[in-house]
Amino acid sequence: MAWDFGYTKEEEAYRQKVAAFLDKELTEEIARQNWEDLGLDKEGRAFGNKLWESGLLGWSWPVEYGGKGLSPVYDFILIDELGKRWSAHVPNDVAYTMVGHTILRRGNDAMKKEFIPRIVRGEIEFGLGYTEPEAGSDLANMKMTAIDQGDYYLVNGQKTFNTESHYSDYHWLAAKTDLKASPYKGISLFIVDQRAPGITIRPMITMSGERTNEVFYDDVKVPKNRLVGEVNKGFYYMMEALMSERNYVFTPSRYYPYLNMLVDYAKKTTYLGKPLAEDPMVRQKIAQIAVEIEATQLLSDHARWMEWNHQTMTCEPEITKVVVSEMEQRMVDNAMQLLDQYCQLEEGSKYAPLKGRIEWEFLHSFMTTIGAGTSEVGRTVIATRGLGLPRG
Amino acid sequence: MDFTYTDDQKMLKEAARRFLAGACPNVEWYLEMEKEEKGYTPALWNGMAELGWMGILFPEEYGGIGGSMLDMVTLMEEMGYAALPGPYFSTVILGGCTILTAGSEAQKQEFLPKIAEGSLRMTLALTEPATTQYNPSLITVKAKAEGDSYVIDGIKLFVPDANVADWMIVAARTAGKDADRDGISLFLVDSKSPGIAMTLLKTVAGDKQCEVVFKKVKVPKANLLGEPGKGFAVIEKTLQIAAVAKCAEMLGGSNKVMELAVAYAKERVQFGKAIGTFQAVQHLCANMKMATEQSIYITYKAAWMIDQGMPEARKFAAVAKTWVSEAYKKVALIGHQIFGGTGYIVEHAMPIYSRRAKTGEYAFGNPNYQREIVAQELGL
């Protein structure tokens, strides 16, 4: 027991293996599908397969399901190495970093056998079916119902902002199973075939060009064996998983490529005959970006370390989430000031600098303080759970 | 990775918390120390020496306990939490560490055991009126060789605790042109040497920072610390250690402010409710928590890198000093906001911390200075 900010020999060896693999196999095209949440197409899936074939997936998963039975640190290393190369997450990441863990914790044996091996191999993806028009920050206010019909559940209602549903194999669905109980005790989780009869998926295109979806359920029959864990425990399962999910999803490492790109730009771009890099204001702004990324990376390292050492997390991953999302907005603002008027140019335009990535990130950054829980909800969680302030 | 203190560090932390809570009893006492010319009491100083804190970083052969930088920041965090006044920092870090880095065996034998036992106070005279920058190449105070001595002329400004230092380390130019990296030398100077005049400055935090004027001050050549003209690297190393130690101190202060303000938000009732139930106040508290959490890990990582002798320590010390300086300032401001008018009264604990947050921000390189170091390390 002593402060230590490095990896063990084994962890470092894994990191180097992953790094070497990614440097060779991760093309810009694949990375950008991933980064820009465009969904996995053929190349993305082929890349996911290669990752598995090369023996780099699943180290943190139980041996009986095809993993190596090691601690989550290996998956975190994998995510960070992807992040450093413009890939925000593993291919099929909702399955691998979110849903899979809850199945492992709460699913019965049959469900684990059916799904976990394919998740570990990176073969299947889930759409996250939580948000509804009336249930954003107040998730418990969802209206979708799943009524027990004896040998199946009959599901009706509408989900929104379900980002992966147009290409995912399954829907990870939260719906009300007890209409009279408090919502916290009346919601259950289901795995639904995303292409089941009665499901309609409509695209919603975001301001940064990502696709997300509305998903409508019209008398969809869900087999009983697709109920996750116990009935009416769904809200509890969702909350139980939340901290860990933040550890996997909010990864400061994905901002290093921006930093490197800006350093490079400042060195190569001249202004009135001098490299931008010689301008003290430019140096200050880029250095500030570096300071914030490093300090935020440590929040993430710490919260993840708590997770893989089985410590109770109260608000630590929430802190990472709020900080990293607000940092992204400040980073973009600083970067745009460096580009001056060129910052407005989108990819493909004449004169567009840095492939328009800063312009894209600007558009994207409006979402980060909202998606997966707003900064306001996050701060309330930090204040009440982290600091013990009374609930209002 | 591991984010835990060793058992020894936990013991050190607990002992420090206990001792300093008794030794720095209340706001009246702090205000007295601020008015007092010395700024500390012999009882406080001797108590710390008895606990072994003066020699925490020195090897045993010099009377120390051979501790690491991580041990140092553990202790420093508690000193910041208690808002400890006095010349501990100047003596042990600015004086002791510099001698440990650059001193000859004889110099180490002469000075370090005395520091470790608490019988000697020291400081480092580095910054100057024209720039007030910590960059050693900007030093203009001159030291000229004359026979067996050097003769120092010039003014040093913002020298911490020079008023109580028995000896000081003075950085002066012995060769080269203005702004040259080479040509800076370090000298061990007896504070009672003829030609030295000191003026205590009146500062926002009531700490003891001085102007020190050197007029033809003769220093024996034997008092050169390290090789002549090679002081730059020595100073940089000391500044790196000092910046990280200052981060730990500020981190401790940050924690204290957060603790006070959150406790107050839980008990202060307005509109019929504890103000801590209002989201406007909760979110301010969350901001304190976020800023402070980041301060912890960046400080300890920088300390760890120094212990590991990693070249990236230069960058991380600068990252830490930038982050923590701004975080503490933010936390102090929020603390005031939560306490409202009551925290604005001079007898309240808040001003003790918010005034120190400002001093800490400027000590050993403000955020602008540190960001420039980060920029260099990024290859800009």
Side-chain angles (χ1 to χ4, degrees), chain A residues 1-8 11 73 259-260 262-264 266-267 275-278 280 282-288 290-299 301-302 304-306 308-309 315-316 318-320 322-323 326 375-376 378-384 386-392, chain B residues 1-7 9-10 68 70 73-74 258 262 265-266 273-274 276-279 281-291 293-298 300-301 303-305 307-308 315-316 318-320 322-324 326-327 367-368 370-380:
Chain A
M1 302 268 279
W3 290 95
D4 181 359
F5 293 86
Y7 288 124
T8 63
E11 291 160 2
V73 67
L259 173 64
N260 298 338
L262 291 168
V263 168
D264 195 51
K267 284 197 211 166
L276 269 185
E278 287 178 17
V282 170
R283 300 171 73 80
Q284 289 281 316
K285 283 190 188 297
I286 295 178
Q288 180 62 25
V291 166
E292 294 196 31
I293 295 175
E294 295 296 356
T296 309
Q297 178 66 46
L298 284 163
L299 283 180
D301 286 343
H302 171 253
R304 291 159 165 192
W305 168 82
M306 289 184 82
W308 85 68
N309 284 281
C315 67
E316 294 78 8
E318 194 64 48
I319 291 178
T320 312
V322 175
V323 171
E326 296 179 358
S375 291
E376 288 65 40
R379 282 189 166 82
T380 301
V381 167
I382 294 162
T384 53
L387 294 169
L389 287 165
R391 284 170 204 279
Chain B
M1 274 184 213
D2 193 353
F3 291 78
T4 40
Y5 293 99
T6 61
D7 288 342
Q9 285 163 355
K10 278 183 208 157
S68 64
L70 281 165
V73 291
T74 302
M258 180 166 68
V262 169
K266 286 177 185 172
K273 283 180 181 171
T277 57
F278 300 126
Q279 288 193 333
V281 173
Q282 289 186 348
H283 291 190
L284 290 177
C285 291
N287 289 348
M288 288 199 280
K289 176 78 174 161
M290 293 189 289
E293 281 286 305
Q294 276 179 293
S295 300
I296 301 172
Y297 310 123
I298 197 69
Y300 279 82
K301 181 165 186 175
W304 175 79
M305 286 184 146
D307 280 339
Q308 300 287 314
K315 174 175 160 193
F316 271 80
V319 165
T322 305
W323 180 267
V324 181
E326 295 189 341
N368 289 339
Q370 301 294 348
R371 274 188 290 262
E372 172 51 33
I373 294 177
V374 174
Q376 290 166 17
E377 294 295 313
L378 287 170
L380 286 172

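Chain letters run A, B, ... following the sequence lines, proteins first and then strands; every chain starts at 1.
- If you tally non-hydrogen atom pairs under 4.5 Å between each of Thr380(A), Val323(A), Asn260(A) and chain B, the highest count goes to Thr380(A).
- Note on Ala295(A), Gly386(A), Ala383(A): by heavy-atom pairs under 4.5 Å with chain B, the leading option is Ala295(A).
- Among Gln284(A), Lys267(A), Lys285(A), the residue with the largest count of heavy-atom pairs under 4.5 Å with chain B is Gln284(A).
- Between Ile382(A) and Met290(B) there is a side-chain heavy-atom pair separated by less than 4.5 Å.
- What you find for Gln282(B) and Arg391(A) is that their closest heavy atoms are NE2-CA, 4.4 Å.
- Interface residue Met258(B): only side-chain heavy atoms are found under 4.5 Å from chain A.
- For a residue to count as touching a neighbouring chain, one of its non-hydrogen atoms must lie under 4.5 Å from one of that chain's; by this rule Gln308(B) does not touch chain A.
- Taking 4.5 Å as the limit, every side-chain heavy atom of Met1(A) sits out of range of all side-chain heavy atoms of Asp7(B).
- In this structure, the side chains of His302(A) and Glu293(B) come closer than 4.5 Å at one or more pairs of heavy atoms.
- Contact check for Ser375(A) versus His283(B): no side-chain heavy atoms found under the 4.5 Å cut-off.
- Of the listed residues Gly388(A), Ala277(A), Ala266(A), the one with more heavy-atom pairs under 4.5 angstrom with chain B than any other is Gly388(A).
- Options Gly6(A), Pro280(A), Gly378(A), Pro275(A) differ in how many heavy-atom pairs under 4.5 Å they form with chain B, and the most are formed by Gly6(A).
- Put simply, the side chain of Leu380(B) reaches to within 4.5 Å of the side chain of Val263(A), judged on heavy atoms.
- Contacts of Gln370(B) with chain A are absent, with no heavy-atom separation under 4.5 Å from either backbone or side chain.
- For Ile296(B), the part lying under 4.5 angstrom from a heavy atom of chain A is the side chain only.
- Contact check for Asp4(A) versus Tyr300(B): no side-chain heavy atoms found under the 4.5 Å cut-off.
- Contact annotation: the side chain of Leu387(A) approaches that of Lys289(B) to within less than 4.5 Å [non-hydrogen atoms, C-beta and beyond].
- Salt-bridge formation is detected for the pair Lys315(B)/Glu294(A): a Lys NZ or Arg NE/NH1/NH2 atom is positioned less than 4.0 Å from an Asp or Glu carboxylate oxygen.
- Side chain of Asp2(B) to main chain of Ala2(A): a donor-acceptor pair is present (N/O by atom type, distance under 3.5 Å, no hydrogens or angles).
- Considering only heavy atoms from C-beta on, Gln288(A) comes within 4.5 Å of Thr322(B) through its side chain.
- In this structure, Phe3(B) has its ring center under 6.0 Å from that of Phe5(A).
- For chain B, the nearby part of Thr384(A) is the side chain; its heavy atoms alone come within less than 4.5 Å.
- Within the 4.5 angstrom heavy-atom criterion, only side-chain atoms of Leu70(B), from C-beta onward, approach chain A.
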